Student: 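The structure's right below; bear with me while I get my questions together.
For clarity, every value in this text was computed on a predicted model and none was experimentally measured. Starting from 1, each residue takes its place in the sequence as its number.
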Amino acid sequence: MSRQGSRLDSKKVSSELLTLTYGALVSQMLRDFENVDDVNKQLERVGYNMGMRLIEDYLSRTNSLRCHDMKDTAEKIQQAFRMYLNIQPTVSNWATTGDEFSLIFETNPLAEFVELPSDVGNLRYSAILCGCIRGALEMVQLEVQSWFVQDHLKGDVNTEVRVKFIRRLEDAIPAGED
């Protein structure tokens with residue numbers, strides 16, 4: 001006998017589960033750390049570690065080749081957001097040098113059910129996203145900076161993350177393994 005009822009969309013369930021558990025994580029960090037700046041650093045560090053692991057899954061699912069320039073990198077970041085969070089940021093605001101761009105999110109899935117209290121005004125609630133971008137790109141030998149320019153939680157219309165290329169990292173062979 002088969003089970004009656006509707007099938008759940010696993011991508012949507014995963015995204016909503018992440019949204020709710022992420023809020024609980026941030027709330028717990030705010031209780032554990034005395035300083036909001038320390039919470040910001042921890043959120044960015046958690047994202048960095050996630051990005052270092054997510055890149056392997058992304059590469060195996062997409063069979064992506066090495067990025068040739070930052071435009072290619074931006075497209076793959078956009079694709080990764082679509083794959084893992086079921087959102088597609090707009091890539092825009094390119095620097096004239098071609099080494100810096102913005103990801104514009106009309107909605108931020110991490111901040112869907114969130115209102116920030118006034119006493120944590122400098123909290124970068126979604127800092128995990130910046131850390132994730134930085135960690136993933138570092139694993140493919142790209143050092144970047146990423147930061148929030150606008151945040152919907154702070155009253156801005158959109159959420160904007162800026163990504164800036166710093167340098168290409170050289171493959172390093174561990175000492176004694178030449």
Side-chain angles (χ1 to χ4, degrees), residues 6-27 29-30 36 39-40 42-51 53-55 57-59 61-62 64 67 69-118 120-138 140 142 144-165:
S6 64
R7 307 269 310 163
L8 296 175
D9 181 5
S10 63
K11 286 184 180 184
K12 182 142 177 77
V13 169
S14 296
S15 178
E16 288 176 352
L17 180 62
L18 173 65
T19 300
L20 295 172
T21 55
Y22 183 71
L25 171 73
V26 174
S27 178
M29 283 183 168
L30 285 168
V36 173
V39 173
N40 290 335
Q42 289 298 319
L43 290 172
E44 202 275 337
R45 188 178 63 96
V46 167
Y48 176 82
N49 290 329
M50 286 175 61
R53 286 161 182 78
L54 276 174
I55 191 67
D57 183 63
Y58 172 81
L59 293 172
R61 284 183 180 196
T62 62
S64 290
C67 294
D69 58 14
M70 285 304 285
K71 290 197 185 292
D72 193 19
T73 302
E75 289 173 12
K76 290 181 180 176
I77 291 172
Q78 190 180 37
Q79 180 184 21
F81 272 103
R82 189 173 46 249
M83 282 175 58
Y84 292 106
L85 290 177
N86 202 25
I87 59 169
Q88 184 166 340
T90 304
V91 177
S92 65
N93 301 333
W94 282 94
T96 56
T97 55
D99 66 345
E100 190 173 340
F101 62 90
S102 290
L103 297 167
I104 310 290
F105 299 86
E106 289 181 21
T107 60
N108 179 352
L110 296 179
E112 216 167 284
F113 309 110
V114 177
E115 287 184 28
L116 290 180
S118 60
V120 293
N122 62 339
L123 176 68
R124 292 188 307 263
Y125 183 83
S126 301
I128 195 169
L129 297 176
C130 294
C132 196
I133 291 167
R134 199 172 61 81
L137 292 179
E138 191 169 302
V140 292
L142 293 176
V144 299
Q145 288 179 330
S146 61
W147 66 94
F148 280 90
V149 176
Q150 295 183 32
D151 191 347
H152 184 70
L153 286 176
K154 308 262 171 117
D156 296 318
V157 175
N158 295 315
T159 298
E160 179 180 351
V161 174
R162 194 83 179 146
V163 179
K164 178 176 177 50
F165 173 77

Student: Between Tyr22 and Ser126, which heavy-atom pair has the shortest distance, and what is it?
Tutor: OH-CA, 3.8 Å
Student: Going by atom types alone, do Asn108 and Tyr125 pair a side-chain donor with an acceptor below 3.5 Å?
Tutor: no
Student: Got Glu138 and Tyr48 here, is their nearest side-chain heavy-atom distance under 4.5 Å?
Tutor: yes
Student: Can you list everything that forms a ring-ring contact (aromatic ring centres under 6.0 Å, His included) with Tyr58? Sequence neighbours excluded, please.
Tutor: none
Student: Please report the C-alpha distance between Leu123 and Leu30 in whole Å, then the side-chain angles of each, then the deciding distance to 0.1 Å, and finally whether the side chain to side chain contact (heavy atoms under 4.5 Å, CB included) criterion is met.
Tutor: CA-CA 9 Å; Leu123 176 68; Leu30 285 168; 4.1 Å; yes
Student: If you round to the nearest 0.5 Å, how far is CG of Asp69 from CG of Asp99?
Tutor: 11.5 Å
Student: Could you name each residue pair satisfying salt bridge (charged side-chain N to carboxylate O under 4.0 Å, His left out) that touches residues 120-135, not counting sequence neighbours?
Tutor: Glu44-Arg134
Student: Which distance, rounded to the nearest 0.5 Å, do you find between the CZ of Arg53 and the CG of Asn49?
Tutor: 5.5 Å
Student: Please check if the side chain of Glu160 supplies one atom and the backbone of Ile104 the other of a donor-acceptor pair under 3.5 Å.
Tutor: no
Student: So which heavy atom on Ala127 is nearest to which on Asn40, and how close?
Tutor: CB-O, 4.1 Å
Student: Can Gln42 and Arg45 be counted as having a side-chain donor-acceptor contact under 3.5 angstrom?
Tutor: yes
Student: Can you see which heavy atom on Ser92 is nearest to which on Arg162, and at what distance?
Tutor: O-NH1, 4.2 Å
Student: Residues in salt bridge (charged side-chain N to carboxylate O under 4.0 Å, His left out) with Lys154, at least two apart?
Tutor: none
Student: Hey, could you give me the CG/CG distance between Leu103 and Leu129, rounded to the nearest 0.5 Å?
Tutor: 9.5 Å
Student: When rounded to the nearest 0.5 angstrom, what is the spacing between CD1 in Ile133 and OG in Ser146?
Tutor: 5.0 Å
Student: Are the side chain of Asp156 and the backbone N or O of Val149 linked by a donor-acceptor pair below 3.5 Å?
Tutor: no
Student: Taking C-beta and beyond as the side chain, do Thr62 and Lys76 meet within less than 4.5 Å on heavy atoms?
Tutor: no
Student: State the OG-CG distance between Ser64 and Asp72, to the nearest 0.5 angstrom.
Tutor: 8.0 Å
Student: Checking Trp94 now: which residues fulfil ring-ring contact (aromatic ring centres under 6.0 Å, His included) with it, not counting sequence neighbours?
Tutor: Phe101
Student: Are Asp57 and Arg61 ion-paired here, with the side-chain N under 4.0 Å from a carboxylate O?
Tutor: yes
Student: How close do Leu153 and Leu116 get, heavy atom to heavy atom, and via which atoms?
Tutor: CB-CD1, 4.1 Å
Student: What heavy-atom pair brings Phe165 and Val144 nearest, and what distance separates the two atoms?
Tutor: CA-CG1, 4.0 Å
Student: Using the test side-chain contact (heavy atoms from CB on, under 4.5 Å), find all partners of Val140 that sit at least two apart in sequence or belong to another chain.
Tutor: Ile55, Leu59, Leu137
Student: What's the separation between atom CD in Glu112 and atom OG1 in Thr107, rounded to the nearest 0.5 Å?
Tutor: 6.5 Å
Student: Glu106: which residues meet the side-chain contact (heavy atoms from CB on, under 4.5 Å) condition with it, sequence neighbours left out?
Tutor: Asn158
